[in-house]
2 protein chains.
Amino acid sequence: MPWEKQFNVDEALGKAMEAFWAHGYEATSMQDLVDCMGINRGSLYATFGDKRSLFVQALRRYDAIHRHDWAAAISRSRSPRQAIVGIFEDAIAVVLNTGTRKGCLLVNTALELSPHDDEVSRIVEHSFSEMETFFSGKIEAGQAIGEIPDTVDPTETSRALLSLFIGLRVLARSRPEEALLRSIAHQADAMIA
Amino acid sequence: MPWEKQFNVDEALGKAMEAFWAHGYEATSMQDLVDCMGINRGSLYATFGDKRSLFVQALRRYDAIHRHDWAAAISRSRSPRQAIVGIFEDAIAVVLNTGTRKGCLLVNTALELSPHDDEVSRIVEHSFSEMETFFSGKIEAGQAIGEIPDTVDPTETSRALLSLFIGLRVLARSRPEEALLRSIAHQADAMIA
DNA sequence: AAGGATCTTGAACGTTCGTTCCATACTCGG
DNA sequence: CCGAGTATGGAACGAACGTTCAAGATCCTT
């Protein structure tokens, strides 16, 4: 009968996710992954398959934690309008508090791999689409309770908020200045006021 | 005395720019560049230096043509407000007409290299900063001739437009759907109406 | 206690990477 | 018309790439 793995699979995948997040797909070598995941080459291939397969698993995990779970958590504790604003504010807070320039793995991947990899493209598209739905759903819910004006078009505005949010993530990685980021969050709020 | 080069340096650099634009820095090999530039390895190194140096030259060239010259051309033929809208519309037109998913080399680079390369980061920051200045300048000019309401804050709005524009470029590369892109341009217009 | 199944380990694979170098082709001033 | 000097073409470099594999270590079942 099998011998249990000596490492935590989820934990190792989390380390891989961080590496891809920080350096991108191409710039992260298998040696980098072996080092940062703390497991052996053989174990890595036996558990996660090849590099691309590992990346896809890391990307799905990122989407689950940093998009799905995050949106769900914010929905639980805030009103519709405050949930929208909160998404922007939280993203900014991470940049300012941690000082990291990792941005968002999904956005990074949208540029690096989406144009050339169909499976990856589908994951990114689905995630972006869900973000859009999150925004439009919140707008409609906010309008239902009178928190957001009826003059706001849920479809058009949710797409603009998605674009604004993606822009924020790009700038957070390339030009992480507080005033700049805050202006963007402020304008997002103005769109639904 | 020297023997003149048998290839056009500007033309070759243009080909390199296209390659980096389409596939990114890491995913473009020197062999790819030798093939697409149509010149020999030796000539390539003698003329442009190493890979990173070639990339920086290609990036500067991209910035000159697709940001500086483009903004200048649009400023010449349109009113301030129409210049802002035109930037968004032109970007969309390129996606829809050519069907390419290259996005914008500066935005692609902001994610792939900016966090890890200071010189590249400075080029990208300068370019983004100039875009911001373009927007705020147009807003003020539009306000001066009564084309844009005085209630619009030039500083805040120009930053939001920059973020919106960057988001558009990301989506153009990962999810090039006409309705989505048009909504973003429409909301950009609404910001200055 | 022994056998078998799985995980671990690290060396090794062939390929591709970015880069260098040299013999050859060529132009132009003397 | 010849020699100085640059561009060209392609072979070759060592390093790093992603991937595979065989041998040893470990635990569970019988």
Side-chain angles (χ1 to χ4, degrees), chain A residues 1-60 105 108-109 112-113 116-120, chain B residues 1-60 105 108-109 112-113 116-120:
Chain A
M1 272 301 181
W3 170 28
E4 286 179 8
K5 288 187 200 297
Q6 288 195 333
F7 63 94
N8 184 314
V9 174
D10 284 345
E11 199 175 305
L13 184 56
K15 300 279 184 63
M17 183 187 79
E18 293 284 340
F20 283 129
W21 192 358
H23 304 104
Y25 178 78
E26 296 288 351
T28 304
S29 70
M30 290 303 287
Q31 188 58 52
D32 292 336
L33 291 164
V34 165
D35 294 343
C36 87
M37 293 169 80
I39 65 177
N40 192 274
R41 282 181 117 74
S43 306
L44 201 168
Y45 275 89
T47 309
F48 301 104
D50 63 11
K51 185 185 179 185
R52 190 185 157 284
S53 171
L54 171 60
F55 179 83
V56 169
Q57 292 170 67
L59 184 63
R60 288 191 198 279
L105 180 57
N108 302 352
T109 303
E112 188 182 6
L113 298 182
H116 313 293
D117 188 312
D118 277 348
E119 184 183 7
V120 167
Chain B
M1 273 300 185
W3 169 28
E4 285 180 6
K5 288 185 201 297
Q6 289 196 334
F7 62 94
N8 184 312
V9 174
D10 284 347
E11 200 175 306
L13 184 55
K15 299 279 184 62
M17 184 187 79
E18 293 284 339
F20 284 129
W21 192 358
H23 305 104
Y25 178 78
E26 295 288 351
T28 304
S29 71
M30 289 305 285
Q31 187 58 52
D32 294 335
L33 292 164
V34 166
D35 293 342
C36 86
M37 294 170 80
I39 66 177
N40 192 271
R41 282 182 119 76
S43 305
L44 201 169
Y45 274 89
T47 309
F48 300 104
D50 63 11
K51 184 185 180 184
R52 189 185 157 283
S53 171
L54 172 60
F55 178 82
V56 169
Q57 293 169 66
L59 184 62
R60 289 191 198 279
L105 179 59
N108 301 351
T109 303
E112 188 182 6
L113 298 182
H116 313 294
D117 188 312
D118 278 347
E119 185 184 7
V120 167

Q: On a plain distance test, is the side chain of A:Arg41 in donor-acceptor contact with the base of D:dT19 below 3.5 Å?
A: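 Yes, a donor-acceptor pair under 3.5 Å.
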Q: Contact class for A:Ser43 vs. all strands (heavy atom < 4.0 Å): base, sugar-phosphate, or nothing?
A: base
Q: Would you kindly give the CZ-to-C1' distance between A:Phe55 and D:dT19, to the nearest whole Å?
A: 19 Å
Q: Tell me: OH of A:Tyr45 to P of C:dG10, nearest whole Å?
A: 17 Å
Q: Side chains of A:Asp50 and A:Ser53: is there a donor and an acceptor less than 3.5 Å apart?
A: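 Their side chains do not contain a donor-acceptor pair, so the 3.5 Å distance test is not met.
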Q: Distance check needed: D:dT19 P versus A:Leu54 CG, whole Å only.
A: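 Roughly 10 Å, once rounded to whole Å.
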Q: Just the rounded figure in Å: distance from P of C:dT20 to CG of B:Leu44.
A: 12 Å
Q: Send over the distance from A:Ile39 CD1 to C:dT8 C1', rounded to a whole Å.
A: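 The answer, rounded to whole Å, is 11 Å.
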Q: Of the candidate nucleotides C:dG10, D:dT8, D:dG18, which contains the atom at the shortest distance from the side chain of A:Asn40?
A: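 Among C:dG10, D:dT8, D:dG18, the one nearest the side chain of A:Asn40 is C:dG10.
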Q: So, B:His23 side chain and B:Ser29 main chain: donor-acceptor pair closer than 3.5 Å or not?
A: no
Q: Between B:Leu33 (CG) and C:dC17 (C1'), how many Å, whole number?
A: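 Answer to the nearest Å: 12 Å.
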Q: Is B:Glu112 reaching over with its side chain to a backbone N or O of B:Glu26, donor-acceptor style, under 3.5 angstrom?
A: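 Yes; at least one donor-acceptor contact below 3.5 Å.
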Q: Please pick, from C:dC17, C:dT19, D:dT19, the nucleotide with the shortest atom-to-atom distance to any side-chain atom of B:Gln31.
A: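 For B:Gln31, the side-chain atoms sit closest to C:dC17.
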Q: Is the side chain of B:Gln57 donor-acceptor paired with the backbone N or O of B:Leu13 at a distance under 3.5 Å, no angle test?
A: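 The answer is no, because no donor-acceptor pair under 3.5 Å joins these two groups.
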Q: Give the rounded distance in Å between these two atoms: CD of B:Glu26 and P of C:dG18.
A: 8 Å
Q: Assign B:Thr28 to base, sugar-phosphate, or nothing according to its heavy-atom contacts below 4.0 angstrom with the strands shown.
A: sugar-phosphate
Q: DNA chain D: A:Gly42 or A:Asp32, which has the more 5' nearest nucleotide?
A: A:Asp32
Q: Can you see if the side chain of A:Ser29 gets near the phosphate of D:dC17 - specifically, an N or O under 4.0 Å from OP1 or OP2?
A: yes
Q: Does B:Lys51 qualify as a cation-pi partner of B:Phe20, given the criterion of NZ or CZ under 6.0 Å from the six-membered ring centre and within 45 degrees of its axis?
A: no
Q: Mind calculating the distance between CG (B:Asp50) and C1' (D:dC13) to the nearest angstrom?
A: 17 Å
